[in-house]
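Worksheet: one structure, shown below.
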Amino acid sequence: MMEGPWFYPGEVRCLHLATVRRERRLPIPGRVRVRRGEAVEATTVLAVAEQPAGVVVVDLARPLRVPPARVARYLRRKPGASVQAGEILAARPIRLGLQTLRVRSPVDGEIVAVGGGKVLIQTGARILELRAGFPGMVAEVIPDYGAVIEMTGALIQASWSIGLDPETPWSGVVRVVGTGTEPLRARAIDPMAHGTLVVSGGWIEPSGLEQARQLQVKGLIAGSMEVSLLTMLREMPFPVILTEGFGRLPMHPALFRIFLMAQGREAFLLPSPGPMGLPGRPEILIPLPTENPPPPEPPAEIPLRPGVKVRGLREPLLGRSGTVLAIARAPMVLESGFQAWCVEIQPDGEEARLWVPVHNVEILRV
Amino acid sequence: MHAKSLVVIDIGSVQTRALLFAQVEDRFRFVSAASAPTSLRGRDPDVAMGVLYALEHLSRLSERPLLDPQGSPIYPERADGAGADRYLVTLSAAPPLRAVIGGLSPDWSLASLRRATAAAPVQVVSTLSVVATDGRRPTEEEWLSALVEAEPDVVLIAGGMEQGAARPVRALLETAMLAARLRPEDRRPLVIFAGNASLREEAVALAGREVPLRVLPNVRPCPEAEQIGPVVEALEARYLERAAGVLPGLSLVQGWASASMRPTARALAHVVRYLSLEAPERAVLLVDLGGNQTTLIAARAGALAQVVRHGSGVGLGILPLYQRRGGEAVARWLPREISLEQLEAFAWMKALHPATLPQTLEDMWLELAFAREAMAEAWETMTGLWPELSRPTIAFEPILLTGGLFAAHARPGALALAVLDALQPVGLTTLLWDPVGALAGVGALAEVEPGLAVEVLTGRPWIPLATVLAPALEGAVAPDELLFTVEVHHRSPEGATATYEIEVRGGRLEVVPIPSRGETELRRFRLRRPVDLGWGPRRAPRRIRIAGGLLGLIIDGRGRPLQQARDPAARREQIARWLWDVGALGGSL
């Protein structure tokens, strides 16, 4: 008889001190500008790439009065060449050379393609600059795409973010307001919050969001918020990160403690798009000086087992955390009617235990 | 030499399922299933990990070791019973292809391309039409801008019947090729040309060596004929090619497979086609409702109609679904009052944690409310593209239910009601429930071992959920108005008979338990008002044998289309009553 199955739910990390490595990549190939071992600041450009912007199509076949297949022989400028407005793109002598049919470029730009009797002129390019996003050292170069950056400090993985741009670094000095569980209202944010990264352990109230805007904070981190604030949030000039999600969920105490210890330090915010544009986990990195390098981040996923700390993702454990006591030996039938493998949880600070599906928790790596 | 055992791995956006099929005594059949989260959200997403966890889980459940100490699948099957002879992979986790379609006329070539793209894992991001709906022909610059902005993975160009118009289609092709050349070489879209055959050579010349091109038979060679099959196959092949590039770990999983990977929808289509050929006079419908994709496949005598809807489901797809359908559309299926804000928060949280399961009754109702909208939306798309499938033209028998929503559910009444509300079938049909997702595995098996797949299907790898009789009503019906009566006759294998009369009333669902053993017939229909039971208006068969199922017989007297009360409180009461009727309002299981 084999032992029961193992389960690997998702996990969330909040580490006081670790050696953290993060890959920074361009979405398209470009040129890498850093070398292995080089120290970088958050704003250091790691790699650049060009994306075409506007394009103009110029028909050559019709004005030259030739079939599309014969256009190539009359071209004066080939793909890759720069052209200026008014410059001749193609010319064809007619009437024994006494006359010439000419086609001129209507714009400044670069010829990028020729085909079907037409020429395509790119009128501009958007330069993509990939910045480090946080200070550290180049641990590895990813040819054509970017680099792996290493730093030491605290790492907090959140649940959702808005306003973060993968290519632009975003940082601010941590300013914790409140004691950890009360909602973020206007009166909690004083003028000293101007230009700082405000952290609240509760959920965001509309007045708190408005006050943050008026005081021009650098960013806002909170446990959660009501979805009705999304429209208002999209107009905010600063990023917002939620550690728990939507509704009225306070920040987990372990996360709040890290922010308290980082009061006054600079924190760096990283969006983390998942593969294929799926939502990833935004991260907050807080560099900390150390004499000896701290241990690296813990290895990848661990299975659920007794003693593991977990956080509930759904009712009835939503927003609470606890410790795994046992794993069921067979699927259980839930009140909803679903049959699911379950774990028994001892919620933090509570007497009653409860069984929840293994996929309704995530492992808390603290 | 046939395989003695085979594992199919179905990689969905939320769950990866591993299904074991094996020779047991004298028959090849489905044995066991296990799943693990596909886990695409972590810092190091890797679909291979989800596959390994699912195989590990399956090893423990089936007591058949499937992984060697290094963590690789064991094959072929060893003498001690470890491993499996073959591993097959189906996939629905990858994002859809971004497609631009271009054609001559919205009613002909573009209509065919819309059907082809609906049937494949594709999202149409832009449409280029030579004949614009506002009567103005777009310029080539406008086409080009649309193509550049869309950043498509694939560009489909069709148009021109055979020996028909060529010039405007040529212009579309030229523009598509130019736009493709603007992208870096390794990111150029595949251009698929399925138009006027006279332009094939020109298409090849325009593409040169720089632009990837597939030339396919004209999707609309003449007004009466349509051939979208080759286009769908080409799109599926491109989807799988691209998936290997965007899903970390997929190449490793492909290396374990003993045949080419297939989209899950393609595998399911094999099953639906086969069942439709078994009884060509009937149409078959399959619903596959997962985390981020809802698929409907209808078939009659082997001819398929298919809708693969990405961004729709009860996992990641719940949020785009909510944004398209709106909170009120979802809330109308709930028996309790809920604010739209709570509903939207639920959708956001489910999208952030798509693998979570409803633990409470309220959560189940919420999830099934979204599921109704996902099925209804896919059904609307299907009947929009294939109007001949619209009610009351066609009755489906059976309706197969598969996918993540239907997995591991133990309140069959709740599931059956969700399907009846969303699809509103008419006439007599059977709901067949695939609670472990075995059908995708059977479909994958059909490609490599068709004989074994037939053997598995002969064993009916599903649970008959219910037989449904849903009459279409003429005109409005008063609540509780008597519609018809019918006698249910049951004869047990021992010869004992039982007869009872059922009164079917307007706005109500009657659930009649049918013993699993013996034979059951419906007799003596007495129509008390004009209804169509599926045999034509005001007609009824003298007697008809039914199979029953887990729930027995459900007679749906609510009429078509379903009429819900306008007042929210009355509507909630109505929903609660329907849930009560099918035993899904609460109580023990």
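Lettering follows sequence order; numbering is per chain, from 1.
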Considering only heavy atoms, which portion of [X] lies under 4.5 Å from any heavy atom of chain A: side chain, backbone, both, or neither?
X	result
B:Leu61	side chain
B:Glu367	side chain
B:Ala347	neither

| task | With the side chain counted from C-beta on, respond yes when B:Glu362 and A:Glu315 share a heavy-atom pair under 4.5 Å apart, and no when they do not. | result | no
Hey, what do you get for [atom1] ([X]) to [atom2] ([Y]), rounding to the nearest 0.5 Å?
X	Y	atom1	atom2	value
A:Leu318	B:His353	CG	NE2	8.0 Å
B:Leu352	A:Leu313	CG	CG	9.5 Å
B:Thr360	A:Glu335	OG1	CD	6.0 Å

| side chain to side chain contact (heavy atoms under 4.5 Å, CB included) assessment of B:Trp348 paired with A:Trp160 | CA-CA 10 Å; B:Trp348 273 95; A:Trp160 183 85; 3.1 Å; yes
How close do [X] and [Y] get, heavy atom to heavy atom, and via which atoms?
X	Y	answer
B:Met349	A:Phe246	SD-N, 3.2 Å
A:Tyr8	B:Pro37	O-CG, 4.3 Å
B:Leu405	A:Phe338	O-CZ, 4.2 Å
A:Gln122	B:Leu182	OE1-CD2, 4.5 Å
B:Leu178	A:Val114	CD2-C, 4.4 Å

| query | For A:Arg70, does the CZ atom have more than 12 heavy-atom neighbours from other residues, nucleotides or ligands under 6.0 Å away? | reply | yes
For [X], is it the side chain, the backbone, both, or neither that has a heavy atom closer than 4.5 Å to a heavy atom of chain B?
X	value
A:Val356	both
A:Leu249	side chain
A:Ile28	both
A:Pro29	side chain

Selection from [options] maximising heavy-atom pairs under 4.5 Å formed with chain A:
options	result
B:Thr175, B:Leu206, B:Leu357, B:Leu340	B:Leu357
B:Met364, B:Arg170, B:Glu202	B:Met364
B:Arg187, B:Glu341, B:Glu149	B:Glu341

| Largest heavy-atom contact set with chain B, pairs under 4.5 Å, which of A:Leu230, A:Val361, A:Leu317, A:Val119 | A:Leu230
| request: For the residue pair B:Gln359 and A:Ser336, confirm or rule out a side-chain donor-acceptor distance under 3.5 Å. | output: no
| note | Residues passing the side chain to side chain donor-acceptor pair (under 3.5 Å) test with B:Glu210, sequence neighbours excluded, are B:Arg181
| field | Contacts of type side chain to side chain donor-acceptor pair (under 3.5 Å), residue B:Glu174, not counting sequence neighbours | value | A:Lys118
